[in-house]
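Quick one: structure below, then a few questions.
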Protein chains: 2
Amino acid sequence: MLTIVKEQLSSLSATPLYLQLADMIRNQIRDGGIRTGEALPSERELSDAVGISRVTVRRAIETLLREGLLSRRHGSGTYIAPRIEQPAALLAGFSADMRNRGLMPGSHWLDRSAGLPTPDEAMTLALSIDQPVLRFARVRMADGEPLAIERAVVPAQFLGSVDDVQDSLYAALDLREARPVRGLQRLQASLATAAEARLLSVPVGAAILRIERRGFLANGMPVEFTRSAYRGDRYDFITEVRELRQEPGRQP
Amino acid sequence: MLTIVKEQLSSLSATPLYLQLADMIRNQIRDGGIRTGEALPSERELSDAVGISRVTVRRAIETLLREGLLSRRHGSGTYIAPRIEQPAALLAGFSADMRNRGLMPGSHWLDRSAGLPTPDEAMTLALSIDQPVLRFARVRMADGEPLAIERAVVPAQFLGSVDDVQDSLYAALDLREARPVRGLQRLQASLATAAEARLLSVPVGAAILRIERRGFLANGMPVEFTRSAYRGDRYDFITEVRELRQEPGRQP
DNA sequence: CAGTGGTCTAGACCACATA
DNA sequence: ATGTGGTCTAGACCACTGA
């Protein structure tokens with residue numbers, strides 16, 4: 001059962017009402033206050049209970065839909081933790097990716113620091129070499145087992161400090177309105193190095209899927225450069241491809 | 001300059017107004033009616049011009065923001081996002097993929113035969129186990145060097161005989177109007193088996209990128225089930241990801 | 001300052017699911 | 001038939017940008 005406390009929402013706060021409500025619901029899902037498959041109260045009920053308009057309640061729900069935490073069925077209701085059916089590759093961070101697969105994401109930190117970009121990173125992120133970046137390196141877990149090593153680099157201008165990132169990099173970027181809307185990924189098969197093998201609990205030379213991602217804002221500015229190493233025996237990457245649409249009237 | 005024609009929008013249509021407007025703007029961007037960097041008319045202007053409410057105009061714009069076509073700046077305006085690189089992963093066969101990379105495709109046949117599907121293949125291709133399939137297995141070369149082993153299975157109904165396929169499977173399917181328009185791919189890192197190592201001229205245990213592809217016609221019928229093993233040291237896979245599109249009820 | 005996007009409301013009607 | 005989500009409106013106020 002969802003327990004919504006009207007008094008926790010304040011229209012005086014700097015963060016908009018729909019984000020406050022989204023946070024409230026997200027926390028209750030994470031804390032197990034609502035079980036998966038269970039229905040949320042209807043939009044009108046929520047609207048009454050919290051004393052905000054239905055449109056605003058819908059915005060909160062839409063935020064959570066985009067994170068994959070909720071699913072809506074027209075005429076039926078809004079439910080926790082949608083289908084297990086794997087959507088094609090979408091732009092999701094590790095946490096959301098794991099939840100989509102029905103696994104519990106976790107992580108432990110290897111590095112969280114500020115610094116200057118390498119020439120490589122400066123090039124990729126369109127920075128000059130004296131513009132600071134933040135680095136986040138973690139071992140990423142799924143259901144308690146190590147699944148990947150993830151090293152993200154973000155220009156410092158998009159985040160206040162490294163402490164802004166607690167659980168999810170994308171959540172932190174979201175709060176600052178710097179969440180990428182588009183990404184380019186490069187995938188390659190490789191073998192585990194000694195250091196990787198130790199962190200991932202696999203033998204040296206085990207199959208590793210390397211994924212390199214560049215994330216961009218709508219205006220084309222790069223915000224994220226992440227290099228990851230996934231265990232080949234535990235992870236597969238699903239993507240949808242479409243035929244390139246031809247421009248009409250292009251006859252020789 | 002954006003030209004919005006009020007009469008093109010109909011509230012009687014099955015598709016909602018905000019999607020109609022989004023389509024209209026998207027088409028004008030694609031057709032070059034608006035240049036990148038240029039500002040859209042303000043939300044209030046659009047609202048007046050088209051005769052729909054500002055809230056609805058905003059929904060249309062939000063759709064395009066999520067697609068990465070527009071970018072918004074608070075207090076300033078809404079702008080066409082800079083031209084994005086062409087989607088890297090498109091639905092292309094091996095030959096076209098290699099030519100896109102500036103390499104000369106080649107192949108030598110391992111198997112080309114008719115037969116009955118395995119239970120696995122029957123499931124994937126939506127066949128009963130007595131409907132015949134054609135199999136095509138090849139070593140695929142790039143600039144004369146072995147790059148991948150490719151095993152394709154196609155329901156016999158889509159091709160006359162195995163001899164229809166000379167160079168390119170997709171070319172043969174094209175002739176019969178059975179070329180897939182959409183594909184689902186699954187990528188996984190793995191290690192070379194002894195047989196694969198021999199065919200690809202790599203050591204046993206070398207990094208292998210396994211790609212499994214299912215290709216579909218526009219009507220959703222599966223036409224192709226291909227399993228490939230690419231050399232990890234020579235091949236990388238590039239894909240573009242976007243944020244999940246808003247998912248309203250749209251009938252097929 | 002005027003103009004822009006950002007948030008929010010109260011109410012309406014429609015389309016769909018479920019019993 | 002009832003209740004759900006889906007769409008839409010007209011108007012309001014705020015926060016930000018830029019001349």
Side-chain angles (χ1 to χ4, degrees), chain A residues 2 6 9-23 25 37-66 69-80 82-83 174-179 217-219, chain B residues 2 6 9-23 25 37-66 69-81 245-252:
Chain A
L2 189 74
K6 186 173 181 173
L9 296 183
S10 157
S11 50
L12 303 176
S13 161
T15 61
L17 282 175
Y18 73 91
L19 283 181
Q20 293 180 47
L21 179 56
D23 283 344
I25 298 175
E38 196 173 340
L40 232 59
S42 80
E43 297 172 353
R44 290 168 180 82
E45 280 178 55
L46 276 174
S47 166
D48 282 355
V50 196
I52 66 184
S53 79
R54 187 179 155 214
V55 179
T56 306
V57 169
R58 279 182 66 80
R59 280 191 80 174
I61 291 177
E62 268 148 24
T63 306
L64 299 172
L65 285 175
R66 228 166 284 128
L69 285 179
L70 298 179
S71 92
R72 264 202 298 218
R73 284 212 303 276
H74 189 175
S76 173
T78 304
Y79 303 86
I80 317 290
R83 29 206 123 137
D174 216 355
L175 287 180
R176 304 222 163 214
E177 315 242 311
R179 185 193 173 95
L217 299 181
N219 62 15
Chain B
L2 188 75
K6 186 173 180 172
L9 296 183
S10 157
S11 49
L12 303 177
S13 160
T15 61
L17 282 174
Y18 74 91
L19 282 181
Q20 292 181 48
L21 179 57
D23 283 343
I25 298 176
E38 197 173 338
L40 232 58
S42 80
E43 297 172 353
R44 290 168 179 84
E45 279 179 56
L46 276 175
S47 166
D48 282 355
V50 195
I52 65 184
S53 79
R54 188 179 154 214
V55 179
T56 305
V57 169
R58 279 182 66 80
R59 279 193 80 173
I61 290 177
E62 269 148 24
T63 306
L64 299 173
L65 285 175
R66 229 164 282 128
L69 284 178
L70 297 179
S71 86
R72 257 198 307 213
R73 284 212 304 278
H74 189 174
S76 172
T78 304
Y79 303 86
I80 315 291
R245 244 185 92 125
Q246 199 164 352
E247 182 233 327
R250 224 179 183 174
Q251 299 103 326

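The sequence lines fix the lettering, A, B, ..., with proteins before strands; numbering per chain opens at 1.
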Query raised in the report: Taking only side-chain nitrogens and oxygens of Tyr18(A), does any of them come within less than 4.0 Å of OP1 or OP2 of dT7(C)?
Result: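 Indeed, a polar side-chain atom of Tyr18(A) lies that close.
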Requested in this report: Write down the distance between CD (Gln20(B)) and C1' (dC8(D)), rounded to a whole number of angstrom.
Outcome: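 In whole Å, dC8(D) C1' lies 13 Å from Gln20(B) CD.
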Query - Thr15(A): side-chain hydrogen bond (donor to acceptor under 3.5 Å, both in side chains) partners, not counting sequence neighbours - result: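 side-chain hydrogen bond (donor to acceptor under 3.5 Å, both in side chains) check on Thr15(A) returns Ser13(A).
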Query raised in the report: Starting at CZ of Arg58(A) and ending at P of dC8(C), how long is that distance when rounded to a whole Å?
Result: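 After rounding, the reported distance stands at 16 Å.
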Query raised in the report: When the distance from CD1 of Ile52(A) to P of dG11(C) is rounded to whole Å, what number comes out?
Result: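 Nearest whole value for this atom pair: 16 Å.
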Query raised in the report: Do Ile52(B) and Leu21(B) have side chains that get closer than 4.5 Å, going by heavy atoms?
Result: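 Ile52(B) vs Leu21(B): side chains touch.
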Query - Test item: Ile25(B) and Leu64(B) side chains (from C-beta on) under 4.5 Å apart, heavy atoms - result: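 Side-chain contact under 4.5 Å: yes.
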Query - Contacts of type side-chain hydrogen bond (donor to acceptor under 3.5 Å, both in side chains), residue Thr56(A), not counting sequence neighbours - result: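 Result, side-chain hydrogen bond (donor to acceptor under 3.5 Å, both in side chains) vs Thr56(A): Ser53(A).
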Query raised in the report: Is there a side-chain polar atom (N or O) of Thr56(B) under 4.0 Å from OP1 or OP2 of dT9(D)?
Result: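 Answer is yes, contact under 4.0 Å.
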Query raised in the report: Roughly how many Å is it from CG in Leu70(B) to P in dG5(C), rounded to a whole number?
Result: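 So the two atoms are 11 Å apart, to the nearest Å.
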Query - Which residues share a side chain to side chain contact (heavy atoms under 4.5 Å, CB included) with Ser71(B), sequence neighbours left out - result: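 For Ser71(B) the side chain to side chain contact (heavy atoms under 4.5 Å, CB included) partners, ignoring immediate neighbours, are Ala218(A), Asn219(A), Tyr79(B).
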Query - Watson-Crick or G-U pairs under 3.5 Å in DNA chain D, rendered as dot-bracket with [ ] for crossing pairs and | for another strand - result: ||||||||||||||||||.
Query raised in the report: Among the nucleotides dG5(D), dC8(C), dC8(D), which one has an atom lying closest to any side-chain atom of Ser53(A)?
Result: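 Closest of the options to the side chain of Ser53(A): dC8(C).
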Requested in this report: Starting at atom CG of Leu17(A), determine the distance to atom P of dA12(D), rounded to an integer number of angstrom.
Outcome: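 One finds 20 Å between P of dA12(D) and CG of Leu17(A), rounded.
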Query - From CZ (Arg59(A)) to CG (Leu17(A)), nearest 0.5 Å - result: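 Here the interatomic distance stands at 10.5 Å.
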Query raised in the report: In whole angstroms, how far is the C1' atom of dG3(C) from the CG atom of Leu40(B)?
Result: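 That distance rounds to 15 Å.
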Query raised in the report: Less than 3.5 Å between a donor and an acceptor, one on the side chain of Arg59(A) and one on the base of dG6(C), is that the case here?
Result: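 Flag unset: no donor-acceptor pair detected.
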Report task. Using the test side chain to side chain contact (heavy atoms under 4.5 Å, CB included), find all partners of Thr78(A) that sit at least two apart in sequence or belong to another chain. Result ->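 Here the qualifying residues are Leu40(A), Ile61(A), Leu70(A), Arg72(A).
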Please produce a list of atom pairs where a protein N or O lies less than 3.5 Å from an N or O of nucleotides 1-4 of chain D.
| unit_1 | atom_1 | unit_2 | atom_2 | d |
| --- | --- | --- | --- | --- |
| dG3(D) | N2 | Gly75(A) | O | 2.8 |

**Report entry** Between dG3(C) (P) and Arg54(B) (CZ): distance, integer Å
**Finding:**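 Taking atom P of dG3(C) as the reference, CZ of Arg54(B) is at 14 Å.
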Query raised in the report: CD1 of Ile61(A) versus P of dT7(D): gap in Å, rounded?
Result: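 Value for this atom pair: 14 Å.
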Query - For Arg58(B), all residues meeting salt bridge (Lys or Arg N to Asp or Glu O under 4.0 Å), sequence neighbours excluded - result: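 Result, salt bridge (Lys or Arg N to Asp or Glu O under 4.0 Å) vs Arg58(B): Glu43(B), Glu62(B).
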Query raised in the report: Does dT4(C) have OP1 or OP2 sitting under 4.0 Å from an N or O in the side chain of Arg72(B)?
Result: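 Indeed not, no polar side-chain atom of Arg72(B) lies that close.
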